[in-house]
Amino acid sequence: MSMKKESPWDVELHLAAARGDAKRLQVLLDSGRVHVDCKDKTGTTALFFSAQGGFMDIAEILIKSGATVDSCSIDGGTPLFVACQCGHLDVVEGLIAKGANVNAHMKDGATALFIAAQNGHVRILEMLLAYGAKAEAARTDGATPLWIAAQMGHDHVVRRLLKAGAYVDSKRHDGATPLFKAAHKGHTAVIGELLKYRPNLGVLPNGESALHAAALMGHMTVARQLLGVGADPLLANQEGITPLQLAMRHSQSQVARYLKEKVRARTTAPPQTC
């Protein structure tokens with residue numbers, strides 16, 4: 001395909017695809033003035049625009065005319081990626097049926113499954129998994145689909161990924177795990193799902209624990225959840241600071257009082273007898 005500058009006819013083809021105008025699209029394709037895979041300056045094709053708009057009928061016309069199903073834009077994204085991002089389930093299904101690669105990745109390593117997880121599209125995520133998408137495929141920074149779903153607060157996606165075998169303690173290159181990010185953001189429903197799979201409650205490779213994150217941000221419900229499964233309010237991070245001290249330093253008074261009560265209860269509890 002020629003990499004010449006986008007012509008007015010190319011622009012028209014892209015607009016017809018983006019608007020779902022099948023009649024105009026067919027006229028342009030029949031004219032011989034445009035290549036079905038012509039790209040704009042960002043490397044985007046008509047098929048990409050049709051997928052973005054949710055127009056599977058347009059996508060089928062383009063593919064029938066020879067469009068490359070996995071033609072990628074400048075960042076490596078394919079039509080399947082944008083369909084996953086925008087939540088167009090029928091387009092995702094149609095593109096996969098036409099041979100789209102479910103494990104292709106963008107320049108930053110993100111896969112279609114990662115994009116679906118990031119945007120909370122659980123039905124699309126389930127379809128990708130059914131067609132062989134890899135649950136552990138990580139972005140170049142180490143973030144997995146589970147990690148990004150936890151950060152974004154998509155508990156239904158987190159539940160599905162864990163059921164599919166996603167590793168609960170997967171971590172980004174900075175050492176933060178899904179539990180840590182969910183605790184930092186205050187996503188209690190996500191934490192509830194993660195705790196079913198016994199995640200690491202101790203000091204992580206980033207030098208902190210999930211309870212430290214909750215204490216820092218003042219997330220009271222999260223602190224209760226974590227202490228309820230054995231998190232230690234006196235666990236020191238890499239700087240020797242405990243969650244209790246962290247809450248006090250950052251004026252998170254409610255969490256600080258709660259952690260103090262738990263520490264006091266633990267130290268005054270009568271010894272157990274055999």
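Computed over heavy atoms, backbone and side chain alike; hydrogens, waters and symmetry mates excluded.
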Inset, instruction - Step through the shown structure and confirm whether more than 12 heavy atoms of other residues, nucleotides or ligands are within 6.0 Å of CE on Met248. - result: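 Check fails, neighbour count at 12 or below.
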
Inset, instruction - Check the side chains of Asn119 and Gln85 for a donor-acceptor pair under 3.5 angstrom, ignoring hydrogens and angles. - result: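 Note: Gln85 and Asn119 side chains miss the donor-acceptor criterion.
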
Legend entry - Pair Ser71, Asp37: side-chain N/O donor-acceptor within cut-off below 3.5 Å: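 Side-chain D/A pair, Ser71 to Asp37: absent.
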
Inset, instruction - Group every Ile, Leu, Val, Met, Phe, Trp and Tyr by side-chain heavy-atom contacts under 4.5 Å, then state whether Leu113 and Leu89 land in the same group. - result: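 In one cluster: yes.
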
Legend entry - Joint hydrophobic cluster, Ile148 plus Tyr167, side-chain heavy atoms closer than 4.5 Å: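 Not linked; separate clusters.
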
Legend entry - Donor-acceptor pair, side chain of Asp70 and main chain of Ala100, under 3.5 angstrom: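 Judged by distance alone, no pair lies under 3.5 Å.
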
Inset, instruction - Hey, can you tell me if His156 and His154 have their rings parallel, tilted or perpendicular (30° and 60° cut-offs)? - result: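 Geometry flag for His154 against His156: perpendicular rings.
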
Inset, instruction - Enter the distance from Trp9:CH2 to His14:NE2 here, rounded to the nearest 0.5 Å. - result: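 These two atoms lie 14.5 Å from each other.
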
Inset, instruction - Kindly compute the distance separating CE (Met152) from NZ (Lys181), expressed to the nearest 0.5 Å. - result: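 Rounded to the nearest 0.5 Å, the CE-NZ separation comes to 11.0 Å.
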
Inset, instruction - Any pair with a residue in residues 94-148 that passes ring-ring contact (aromatic ring centres under 6.0 Å, His included), sequence neighbours left out, goes on the list, sorted by first then second residue, please. - result: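 Found none.
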
Inset, instruction - Begin from the C-alpha positions of Arg160 and Leu129 and carry the test side-chain contact (heavy atoms from CB on, under 4.5 Å) through to its verdict. - result: CA-CA 10 Å; Arg160 185 64 186 84; Leu129 288 170; 4.0 Å; yes

Inset, instruction - List the steps, then state whether salt bridge (charged side-chain N to carboxylate O under 4.0 Å, His left out) holds for Asp232 with Lys262. - result: CA-CA 9 Å; Asp232 185 357; Lys262 290 299 180 181; over 6 Å; no

Inset, instruction - Using a strict cut-off of less than 4.0 Å between a Lys/Arg side-chain nitrogen and an Asp/Glu carboxylate oxygen, indicate whether Arg198 and Asp169 qualify as a salt bridge. - result: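 Asp169 and Arg198: not salt-bridged.
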
Inset, instruction - Would you sort out whether Asp21 and Arg19 count as a salt bridge (charged side-chain N to carboxylate O under 4.0 Å, His left out), showing the intermediate values? - result: CA-CA 5 Å; Asp21 189 343; Arg19 294 169 179 168; over 6 Å; no

Legend entry - Residue among Val203, Thr242, Ile241 satisfying side-chain contact (heavy atoms from CB on, under 4.5 Å) with Leu235: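 Exactly one candidate clears the test, Val203.
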
